[in-house]
Amino acid sequence: MPSAPPRSQWLDVWHQFRHHKGAMAGGIVFLFIVLAVFLGPYLWDLDPAKIDFRARNNGPSWAHPFGTDQLGRDMMARLMAGGQVSLAVGITAMLLALVLGSLIGILAGYFRRLDNILMRMTDLFLALPLLPLLLVMVLLFREPLSAAFGIETGIFILIVTAIGVTSWMPTARIVRGDVLALKEREFVLAARSIGTTNLMMILRHILPNVISPIVVSATLGIANAIITESALSFLGLGFPPDFPTWGRLLFDAVDYMQQNPERVVMPGIAISLTVLSVNYLGDGLRDALDPRIRGR
């Protein structure tokens, strides 16, 4: 009988991932949130910035399912608009942190002479109090970037950069550990023996084999970036009041908690569900991509 063709590694990864109930539930919830915030405005086309003083501080109704704020703006429209900004900040900041962390981790693990310098720099960043550092960065660079790029774009660049450059350290440490182990593997030694350059060694042999921890770090980085941006906006140091994010909606609703508690509950639920679903996705990807766990 002819032997069965070998299964693809990515098929094995998908098989393991789809049997992780938490990861599948998290993926469904995260996909629903993404579709709701990006496609929802086409179905619910009220302008999130439209002011109607006659309808201010109203509770949920058919006209405004999530109520209105202190200026009469529709909270459902603002929740979807805020989700677009929060997700954009989370994904962009995650990509920046991932690039920095992967680059530093690979360089530290592959080049011994750089290891001590880069790891001491990583330890320094890990020792810094991140929230005060973020607050200082926002206060120092808010006005120059707003003047150079406009208020909304300038604040977006500032928030993304501030979160990205203060959250790459865990990725760097994880990638460095994997690179140190890979350097002594037989296929790397064989490639070095035939004169493979350092750049080609990293691109062809090292980087593809550290994709797993990088992917897991990416999912966890999105959750961390969304929480950090929400914390900054809640403290009033994020985006301007007319540019909604989930954290900004929470900040604006604090004074109306007793009168309209749903204004605090809805952004809080959105943040919690997004972070929880992304964390479950990360757990599922970690189990599916780790060959030592796959198949259990």
Side-chain angles (χ1 to χ4, degrees), residues 3-20 23 27 91-128 163-225 278-296:
S3 59
R7 292 182 60 178
S8 166
Q9 177 186 359
W10 292 109
L11 284 177
D12 289 338
V13 169
W14 167 245
H15 178 78
Q16 176 71 20
F17 180 81
R18 67 188 179 90
H19 282 83
H20 193 294
I91 293 173
T92 310
M94 174 272 297
L95 291 175
L96 177 59
L98 212 62
V99 170
L100 290 174
S102 301
L103 178 62
I104 292 174
I106 289 174
L107 292 177
Y110 190 80
F111 298 104
R112 182 170 299 179
R113 63 182 180 275
L114 297 178
D115 188 18
N116 188 56
I117 298 173
L118 293 176
M119 284 300 101
R120 296 299 74 77
M121 182 180 70
T122 303
D123 293 338
L124 174 63
F125 271 85
L126 285 171
L128 292 174
I163 296 174
V165 300
T166 56
S167 56
W168 54 266
M169 297 80 73
T171 301
R173 294 175 73 105
I174 293 171
V175 171
R176 171 186 174 268
D178 281 10
V179 172
L180 286 174
L182 284 169
K183 275 202 317 182
E184 307 304 323
R185 297 285 296 274
E186 292 81 359
F187 68 91
V188 174
L189 298 176
R192 185 178 294 119
S193 68
I194 61 174
T196 305
T197 63
N198 289 329
L199 178 60
M200 296 309 297
M201 184 80 73
I202 292 173
L203 294 179
R204 287 187 177 181
H205 301 289
I206 300 296
L207 187 58
N209 285 281
V210 294
I211 289 295
S212 299
I214 291 175
V215 170
V216 175
S217 295
T219 58
L220 301 179
I222 294 176
N224 177 66
V278 169
N279 283 332
Y280 273 117
L281 273 175
D283 289 343
L285 288 172
R286 180 200 61 204
D287 295 349
L289 292 169
D290 191 340
R292 294 168 297 182
I293 301 177
R294 196 184 308 152
R296 288 185 182 177

To the closest 0.5 Å, what do you measure between [atom1] ([X]) and [atom2] ([Y])?
X: T219; Y: M94; atom1: OG1; atom2: CE; result: 8.5 Å
X: L103; Y: L107; atom1: CG; atom2: CG; result: 4.5 Å
X: H205; Y: R192; atom1: NE2; atom2: CZ; result: 10.5 Å
X: I214; Y: S102; atom1: CD1; atom2: OG; result: 3.5 Å
X: M169; Y: I104; atom1: CE; atom2: CD1; result: 9.5 Å
X: L207; Y: M201; atom1: CG; atom2: CE; result: 13.5 Å

Set of side-chain hydrogen bond (donor to acceptor under 3.5 Å, both in side chains) partners for Y110, sequence neighbours left out: N198

Whether over 12 other heavy atoms sit under 6.0 Å from R204 CZ: no

Could you tell me which non-hydrogen atom of [X] sits nearest to which non-hydrogen atom of [Y], and how far apart they are?
X: A190; Y: S193; answer: O-OG, 2.6 Å
X: S217; Y: L98; answer: CB-CD1, 4.0 Å
X: P213; Y: I174; answer: CB-CG2, 3.4 Å
X: L182; Y: V188; answer: O-CG2, 3.3 Å
X: S167; Y: A97; answer: OG-CB, 3.5 Å

Does any part of the side chain of [Y], heavy atoms only, come nearer than 4.5 Å to the side chain of [X], both counted from C-beta?
X: D178; Y: N209; answer: no
X: R176; Y: L118; answer: no
X: F111; Y: I117; answer: no
X: F125; Y: V165; answer: no
X: N279; Y: L220; answer: yes

N-O pairing of D123 and R120 below 4.0 Å: yes

